[in-house]
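Right, one structure below, let's go through it.
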Amino acid sequence: MMTSLFEHGPLSATLAEGNALRDFIFGTGGSGHHAEMVEETFAWIFWISAFFFVVLMGLTVLWSVQYKRRATPVALVSSSHNTVLETLWTVIPLGILAVMFFKGFQGYLDLSVAPAGAIEMDVRAAKWDWRIIYPNGAESTEREKLGSAKEIPIFYMPAESPVKLRMISSDVIHSFWVPDFRGKFDVMPNRYTYYGFTSGPIKGDKKLEAGPFAGTPYEDHWLFCAEYCGDSHSEMAAVVRMVPRETWAKIVDGWSSAGLTPVEKGKRLHTIQCASCHSIDGSKNVGPSWKDMFGKTETFTDGTSGVVDDAYVRESIYEPAKRIVAGFPPQMQPYKGILSEDDVTAIIEYMKTISVNHKPAEGQK
Amino acid sequence: MSTLPAHSTSSGDAPLWKKYQAANHYRSKEEEFDACKLGMWLFLTTEVLLFAGIFVGYAIFRMLYPEAWANGSAYLDWRWGGLNTVVLLVSSYTMAVSIHHAQLNNQAALKRNLLITVLCGAAFIAIKLTFEYIPKWSAGKAPGGSFFAYPFATDPHEPLWWGIYYCGTGIHALHVLIGMSLIFWVYLKARKGHYGPHHYTGVEVVGLYWHLVDLIWIFLFPLLYLIG
Amino acid sequence: MSTINHHGSHAVGGHHDEGSYLAPKGGLVSTMWAWATTIDHKKLGVMYLAAVLTLFFLGGVAALAVRVELFQPTTMVNGKVTGQVFQDAGGAVAAGHAIYNRIFTLHGAIMVFMVIVPGIPSALGNFLLPIMLGAKDVAFPRLNLLSWWVYVVGSVLGVVSIIMGGVDTGWTFYTPYSTSTDWDVYMRVVLMIGAAFVLGFSSILTGLNFVVTVHKLRAPGMGWFDMPLFVWAIYSTAIIQVLATPVIGITLLLLIFERLFHVGIFDPAIGGDPVLFQHFFWFYSHPVVYVMILPAFGIISELITVHAHKKIFGYRAMAFASLGVAFVSFLVWGHHMFASMGEMASAVFSALTFLVAIPTAVKVFNWVATLYKGSIQFTAPMVYALFFLFLFTIGGLTGLPLGTLSTDLHLHDSYFVVAHFHYVMMGGTIISFVAGIHHWWPKMFGRMYNERWAIVGACLVFIGFNLTFFTQFILGTRGMPRRYATYIPEFTELHQWSTYGSFILLLGFLVHLFVFIHSLVAGRPAPKNPWGGLSLEWETDSPPIEHNFHHEPLVKHGPYDFETTVPPHWDPKDYPIPASNFTADKH
């Protein structure tokens, strides 16, 4: 971790914790060393800017009043050129800007160079969902609803730990932004980008309410997609939940998918991969809801119709554009290479359990 | 073609180039000539920058995928490219010569050289189509991943090579066609006697344009055909 | 300053009985035909003005639609969607967002490609540049007519694309999104990109024309440093237009090929590079930011000097700053990609970006210094010029945390950026455009406008603008990403203030519209030199005659020698120059 030359300068105190101006500008959620650094640099620039702004506007107002046109319109001669003055106001800002550049570069390295001993995680972005794959291969199974009822994942992160994210997109460019961390990096198709940070301590007094880890302190931060990526760009969000590192390790272990039944696995896959577009409570989203879908006869956009059976589900996962249910946009990406045949079977089995239209064969009840 | 229309040489009636007056917002013909040349040079700058985009793309992908570039280049026959280079160089020469003849008032030579230039341009396009585009296209070596397949490609990035090849040479060929049309238009005006020692702005600026078209090919040819 | 009076035998001035360029020729149809085929730079300027203002209105309506949608976040209450103004018939939230995405793209594309880029150079530049140089027309009048029609064709293509349903790529057309969206009706994406391509041609031809005009058609006796700063600004702008636009031309052309034939240059799936598109795009689009702002600088230099009757402070510094900005602007494109480039490239681009700040800061210092000991008259153009200083200073200073690498990684693609470029592009360019229209309105149309109501409009615009966009700085630092159709509830209050502001802004512009219409219908005839300006446009009639000047003008004073020159058409009794002004040391 780099220490800033300017960290203890006279201006660094101006945006200290609990400072009203800082809270006004950034809100109160800032988390981690990098966030402090960015806030401090921003404050430094802010005060320099404020100084120049006040001087310039002060003079503008003063002279506008003082030299308002009187009876005769002719202005008196005054110097229209002053080499010393003009040189000074070129050179002094140049010096200030040079310092500004170095402060900024230092902070940038802090973000792009991963801290030593970092926990490595994979970030996968696709329209319009985030996934984080933890070191043990597991993914978060917890979700919550945005205001518009779209489901977004909750990613658990260890507090006060170095983390390195290896990020890639499977379609267009996205951008990984946790505003409270005060930094972002683009997520590209066909190319890894990295984002390293040391997470901050847990602030506030929120405690997990239910489950095996009830009572554990946590703090939530938003994760947004910052690079425009289409229809649901504004809802490509997630919650980054900081918990103590030991608790985090236990939670992530619990998400490992070893030993699940196909239906359980299908339910988990739905949560991870499908929930952002397909609801299971009947509400209409980007794609049709899975509630009561299996076994139902649907009309497709090409005018034909057919029963949603095993074959149709498999086809829709691997070649979604072939037959789209009428009334929905052709938005889904093909999941060939992402979901295996086993995964597809698990999803089919899960869909059966949430559809009244599915009639189990005799004796299978 | 060299039989002249009577009015440009008939006595008593001065040829059009002698009667030429600068447009009313210029102070002199010289000023107008300078302005037109400056304008054309600026326009040529924009053309160079336009092609610069293609060259930058070429350089970046060549650096990333040298094998694809070597494979792609191997499909091209340098002899046809070389012939076309010669054709364009000849046309640049005849273009320069026609300006010279305009300045000397050799009307017949002026028209002859303009016509040769146009014909060279046509030859360039004909060679390009007959021996390069059409055979390649029918062999499936066409641009674009959505309409065409690349079963012959041994390197997965070869479609990019074809993308650059067709964009670069295609946009260049379009410029050749535009240049030919302009020179033909100048030729038609020359037939009416518009150009002579005191007024040859049209020949001059269209000539500048044609040299640039030639120059761009001089860069495209080695990049695409020679260095694999 | 030269005093050569040039009356060369071939340089005949206009005829004395020549009428105003606005005088109709025959009936309505023949007048319209005469306008449509005119090669008169003044008529072309007026037509550009009308077109740009119409498109500004269209883009403004889209902006209001954006603000209305953002008044509330989209929420689901009891299974019903609320807070979403633009809803899909089927009620799907995402499909509603898709409509919003089309609207903000429409706003961006219209405002950038059809309003701000061509606005000042094509409308005011066309009208004023030859007159300020003392010329009868631009160097290539027929080319000028061609650029106008190319501009019309480009704008029509864009509007057709909108009528067909619009595009949702954002005005930046980033790949691979722009090559993968809307495959069902891909032609409208091609049309919109084609529109931008065609508009680029218009821009190149106009810029080329202006460069040659400035080089070749200055009035006798007018040296480079006797030119008004507006001409310097337009000249610098034209150079950027000529040098940067071809690069966007090839980029958009490749993007069109990509959509039509899938050539793959920007397609990551077969090894193409989407970031290459961004490099190409910003290699043009960053310099083009200065195509948008440099002419505004020129206008402000004219307005402050004329309405303060004060010599510009640091003329040469101002002229060189324009050229310096034009030059450095070609080296900074990478600062749009700090979040996607490596460390080395980011560091270089960050450092270069700060270099642009210097000439820009020098300009602001010079404008403020020009006010010192002036004789300031608070006309609508001057009030606007002072508002410009306020807004542009904020816009410029908020560029600093965006050029600084670490803070940019937080602020990039957030509402902070949105607010920053609106302070520069709207608070800078649009404000000075409107100021310039007021300043030269008497010259263009021969009628005065209502000063009081124009100032009321200016104040409403100023208040509305700050309310709309200052709130967006705070939204950005607090974490609101740009191009969002909905947002988390914490941001609601600031978004609502912003929306209220946008309606005050609308009210302000409606007042201006009313002032303009009133002036055309019932304004009192304008004198030849209502403000006491010294540049050549104030020597001719209001409105000018067809060939601009009755005689080739006589350049006998600099454009800013207010302390020692009685303005043309002014009575020396009304402008009594104290003897001390002539003896005082001018430098």
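Everything numeric in this text was worked out from a predicted model, so none of it was measured. A, B, ... follow the sequence lines: proteins, then strands. Residue 1 opens every chain.
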Task: Under 4.5 Å from any heavy atom of chain C - which part of A/Met57 - done: side chain
Task: Residue A/Gln66 versus chain C: region with a heavy atom under 4.5 Å - done: neither
TODO: Measure centre to centre between the rings of C/Phe390 and A/Phe53, then say whether the value is under 6.0 Å.
DONE: yes
Task: Spatial distance of atom OG (C/Ser406) from atom CD (A/Glu40) [nearest 0.5 Å] - done: 9.0 Å
Open item on the list: Using side-chain contact (heavy atoms from CB on, under 4.5 Å), reason through A/Val74 and C/His309 one step at a time and then give a plain yes or no.
Closed with: CA-CA 7 Å; A/Val74 191; C/His309 280 190; over 6 Å; no
Task: Interface moiety of A/Trp222 toward chain C, non-hydrogen atoms closer than 4.5 Å - done: side chain
Open item on the list: For the OG atom of A/Ser175 and the CG atom of C/Asp413, what is their distance to the nearest 0.5 Å?
Closed with: 6.5 Å
Task: For chain C, the option from A/Ala50, A/Ser49, A/Pro93 that forms the most heavy-atom pairs under 4.5 Å - done: A/Ser49
TODO: Determine the option with the most heavy-atom pairs under 4.5 angstrom with chain C, choosing from A/Leu94, A/Val172, A/Asn82.
DONE: A/Val172
TODO: Report the relative orientation of the aromatic rings in A/Tyr228 and C/Tyr177; use parallel for angles under 30°, tilted for 30 to 60°, perpendicular for over 60°.
DONE: perpendicular
Task: Rounded distance [0.5 Å steps], OG1 in C/Thr407 versus CE in A/Met37 - done: 11.0 Å
Task: Exercise: do A/Tyr108 and C/Ser346 side chains pair donor with acceptor under 3.5 Å - done: yes
Open item on the list: Report which part of A/Leu62 has an atom under 4.5 Å of a heavy atom belonging to chain C: side chain, backbone, both, or neither.
Closed with: neither
Open item on the list: Need one label for C/Ala485: side chain, backbone, both or neither, based on atoms under 4.5 Å from any heavy atom in chain A.
Closed with: both
- [ ] Give a yes or no on whether the ring-centroid distance for A/Phe26 and C/His410 is below 6.0 angstrom.
- [x] yes
Open item on the list: For A/Thr193, which atoms come within 4.5 Å of any heavy atom of chain C: side chain, backbone, both, or neither?
Closed with: neither
Open item on the list: Let's test your reading of the structure: which of C/Pro401, C/Pro481, C/Ala339 forms the most heavy-atom pairs below 4.5 Å with chain A?
Closed with: C/Ala339
- [ ] Hey, could you give me the NE2/NE2 distance between C/His97 and A/His233, rounded to the nearest 0.5 Å?
- [x] 10.5 Å
TODO: Counting only heavy atoms closer than 4.5 Å, note whether C/Tyr487 contacts chain A via side chain, backbone, both or neither.
DONE: neither
TODO: Might you work through the side-chain contact (heavy atoms from CB on, under 4.5 Å) test for C/Glu343 and A/Leu109, ending with a clear yes or no?
DONE: CA-CA 7 Å; C/Glu343 292 89 19; A/Leu109 289 180; 3.7 Å; yes
Task: Distance, nearest 0.5 Å, that separates CE of C/Met382 from CZ of A/Arg69 - done: 9.0 Å
Task: Heavy-atom contact with chain C under 4.5 Å, split by part of A/Cys277 - done: neither
Task: Under 4.5 Å from a heavy atom of chain C, the part of A/Phe24 involved - done: both
- [ ] Please determine, among A/Asp281, A/Thr90, A/Leu146, A/Leu56, the option with the most heavy-atom pairs under 4.5 Å with chain C.
- [x] A/Leu56
- [ ] Below 4.5 Å from any heavy atom of chain A, which atoms of C/Asp574 appear? Answer side chain, backbone, both or neither.
- [x] backbone
TODO: Name the option with the most non-hydrogen atom pairs under 4.5 Å to chain C; the candidates are A/Phe105, A/Phe46, A/Trp177, A/Phe328.
DONE: A/Trp177
- [ ] With rounding to the nearest 0.5 Å, note down the distance linking NZ in A/Lys103 to OG1 in C/Thr404.
- [x] 9.5 Å
TODO: Check whether any side-chain heavy atom of A/Phe185 sits under 4.5 Å from a side-chain heavy atom of C/Phe338, and report yes or no.
DONE: no
- [ ] Walk me through it: do C/Tyr100 and A/Ser234 pass the test side-chain contact (heavy atoms from CB on, under 4.5 Å)?
- [x] CA-CA 11 Å; C/Tyr100 169 85; A/Ser234 50; over 6 Å; no
TODO: Counting only heavy atoms closer than 4.5 Å, note whether A/Ile45 contacts chain C via side chain, backbone, both or neither.
DONE: side chain
- [ ] Could you look at C/Pro578 and say if it's the side chain, the backbone, both or neither that has a heavy atom under 4.5 Å from chain A?
- [x] side chain
TODO: Under 4.5 Å heavy-atom distance to chain A, tell me which part of C/Ile474 shows up: side chain, backbone, both or neither.
DONE: both
Open item on the list: Given heavy-atom pairs under 4.5 angstrom as the criterion, report whether the side chain, backbone, both or neither of C/Ile99 touches chain A.
Closed with: neither
Task: Options A/Met188, A/Arg191, A/Glu227, ranked by heavy-atom pairs under 4.5 Å with chain C, top entry - done: A/Glu227
Open item on the list: If you take the centroid of each ring, where Trp contributes its six-membered ring, are C/Phe313 and A/Trp89 closer together than 6.0 Å?
Closed with: yes
Open item on the list: Out of C/Thr477, C/Thr393, C/Thr370, return the one with the most heavy atom pairs under 4.5 angstrom to chain A.
Closed with: C/Thr477
- [ ] Give me the ring orientation class for C/Phe491 and A/Phe224: parallel if the planes are under 30° apart, tilted from 30 to 60°, perpendicular past 60°.
- [x] tilted
